[in-house]
Amino acid sequence: MFTIIANWKMNGSFEMAVDYADALAEFYEANPPSSKVVICPPAPYLVLMDGPFAIGGQNCHSAEKGAFTGEVAAPLLADCGCEYVLLGHSERRAAGETDQEIDQKAKAAQLAGLKTIVCVGEKEGEDFARVVERQLEFVDYADFVAYEPVWAIGTGKTPTADEIEQRHNFIIDKTSKPVIYGGSVNSENAEDISKIAGVSGLLVGGASLDVENFIEMIKSVENMQ
Ligand code: PGA
C-alpha cells in the first residue's frame with residue numbers, strides 16, 4: 001500500500017492538531033483514500049490526533065522505560081495510539097545520532113509493535129552510494145526505508161525522476177524493503193514522484209503543515225478530483 005507521511009517536525013499548536021485531525025477525518029468521510037496516511041506531530045499533540053488516519057512518533061528512545069528525563073520510549077508512543085515511528089531523520093543525525101543508536105531504537109520500536117521508518121540520505125556533495133550503503137548496514141529493524149537526500153530537505157530542490165528511481169532501486173536491491181521518498185515533496189510534484197518505479201510512499205515536511213495542502217497532495221497521488 002502506498003504510504004503518505006506528514007512530518008511536522010517541531011511545529012504546530014494544540015489548536016492546529018485538533019483542526020488538522022478534524023479536517024482529515026472529514027476528508028476521509030467524503031473520499032476514503034486507498035493510501036495509508038500517517039501524521040507525525042510533535043509528541044505532546046499525539047493524543048489529540050485520533051482519527052481514521054494513522055499517527056506516528058518522530059523519534060523514540062532505545063530503552064523500554066526508565067530514568068531518561070525528556071525522552072519518549074517506544075511503548076509510550078504505542079500506548080498513545082502510534083502505529084509508526086520515524087527514526088534517524090537527518091536532523092537528528094546532524095545532532096549526533098549514530099547508525100548504531102538508530103538501529104537500537106528501531107529494534108525497541110518493533111518490540112513495542114511500531115512500524116519503523118528509518119531515514120537515510122547523503123548530504124550535498126557526498127557520494128550517494130558510499131554514504132547510503134553504510135547507513136543501510138543498520139536497517140535490520142526497519143519496516144520502511146525513507147530516502148531523503150539531505151540537500152533536498154526544505155530546499156525546494158529534488159533529485160531528477162531518474163535519480164530517484166535508480167537510488168530507490170539501489171536501496172531495494174540491498175534491503176528488499178519498501179522505500180519512501182522525502183525531500184521537498186509538495187502538492188506540485190507529489191503525483192509525479194509517486195509514480196516513479198520503486199517509490200512506495202512520500203515523506204512530507206514543510207508542505208504537510210497546511211492540512212488543505214496536504215489533502216491536495218493525497219488527492220493528487222490518489223488521482224481524486
Ligand atoms: P521537507 O522535509 O518536505 O520540508 O523537505 C522532509 C523531511 O525532512 O522529512
Side-chain angles (χ1 to χ4, degrees), residues 2-12 16 20 24 35-43 45-46 49 53-60 77 82-97 102 105-106 109 114-126 128 131-132 135 139 142-161 163-164 167-168 171 177-194 196 199-221:
F2 200 78
T3 306
I4 307 175
I5 306 166
N7 173 16
W8 292 11
K9 309 190 180 187
M10 201 170 68
N11 296 295
M16 172 179 158
Y20 201 104
L24 258 190
S35 301
K36 185 85 182 181
V37 175
V38 185
I39 312 301
C40 301
Y45 303 136
L46 282 166
M49 305 216 56
F53 48 87
I55 54 171
Q58 297 178 9
N59 175 41
C60 72
L77 292 177
C82 287
E83 272 181 64
Y84 293 78
V85 64
L86 295 173
L87 293 168
H89 190 282
S90 64
E91 288 151 15
R92 301 199 54 82
R93 291 179 186 264
E97 202 163 282
I102 294 160
K105 288 177 177 205
L114 298 173
K115 294 191 187 82
T116 57
I117 303 149
V118 175
C119 305
V120 301
E122 80 287 1
K123 297 192 196 106
E124 181 99 67
E126 283 183 340
F128 160 79
V131 170
V132 170
Q135 292 172 334
V139 296
D143 292 296
F144 300 85
V145 174
Y147 172 55
E148 296 204 297
V150 180
W151 53 268
I153 295 177
T155 60
K157 292 193 259 177
T158 56
T160 65
E163 282 168 338
I164 294 176
R167 291 167 181 199
H168 278 230
I171 297 169
K177 295 181 195 279
V179 184
I180 291 169
Y181 173 79
S184 293
V185 177
N186 56 43
S187 49
E188 303 284 298
N189 62 20
E191 183 183 356
D192 288 345
I193 297 175
S194 73
I196 300 171
V199 174
S200 292
L202 301 173
L203 174 49
V204 190
S208 73
L209 290 173
D210 179 304
V211 70
E212 294 309 328
N213 196 37
F214 186 60
I215 288 171
E216 281 314 307
M217 238 176 282
I218 300 170
K219 282 185 175 171
S220 72
V221 169

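Just so you know, residue 1 is the first one in the sequence shown, and it goes up from there. Note that the coordinates shown come from a computational prediction; the quantities given were computed from them, not determined experimentally. Both ligands and their constituent atoms are indexed starting at 1 by order of listing.
Side-chain contact check for Glu163 versus Phe128: every heavy-atom pair is 4.5 Å or farther apart.
Between Glu122 and Arg167 there is a salt bridge, with a side-chain nitrogen of the basic residue lying less than 4.0 Å from a carboxylate oxygen of the acidic one. For the pair Glu124 and Lys157, the salt-bridge criterion is met [side-chain N within less than 4.0 Å of a carboxylate O].
At least one heavy atom of Gly183 lies less than 4.0 angstrom from ligand 1. At least one heavy atom of Ser184 sits less than 4.0 Å from an atom of ligand 1.
Distances below 4.0 Å separate heavy atoms of His89 from the following atoms of ligand 1: 7 (C), 8 (O), 9 (O). Close approach of ligand 1 to Glu148 is summarised as follows: ligand atoms under 4.0 Å from at least one heavy atom of the residue are 6 (C), 7 (C), 8 (O), 9 (O). Which parts of ligand 1 touch Gly154 is read off a 4.0 Å heavy-atom cut-off, strictly below it: atoms 1 (P), 4 (O), 5 (O). Of all atoms in ligand 1, numbered sequentially from 1 with element shown, those under 4.0 Å from a heavy atom of Gly206 are 1 (P), 3 (O), 4 (O). When each atom of ligand 1 is checked for a heavy atom of Asn7 under 4.0 Å away, the hits are 9 (O).
Protein heavy atom nearest atom 2 (O) of ligand 1, with residue, atom name and distance: Lys9 NZ, 3.3 Å. Shortest contact from atom 3 (O) of ligand 1 to any protein heavy atom: Gly205 N, 2.8 Å.
In this structure, the separation between CG on Leu86 and SG on Cys40 is 4.0 Å, given to the nearest 0.5 Å. Rounding to the nearest 0.5 Å gives a distance of 11.5 Å between CD of Glu212 and OG of Ser187.
Put simply, the residue from Ile117, Thr116, Val38, Val118 that forms a side-chain contact (heavy atoms from CB on, under 4.5 Å) with Val85 is Thr116.
Using a 30° and 60° split on the angle between ring planes, Tyr147 and His168 fall in the perpendicular class, above 60°.
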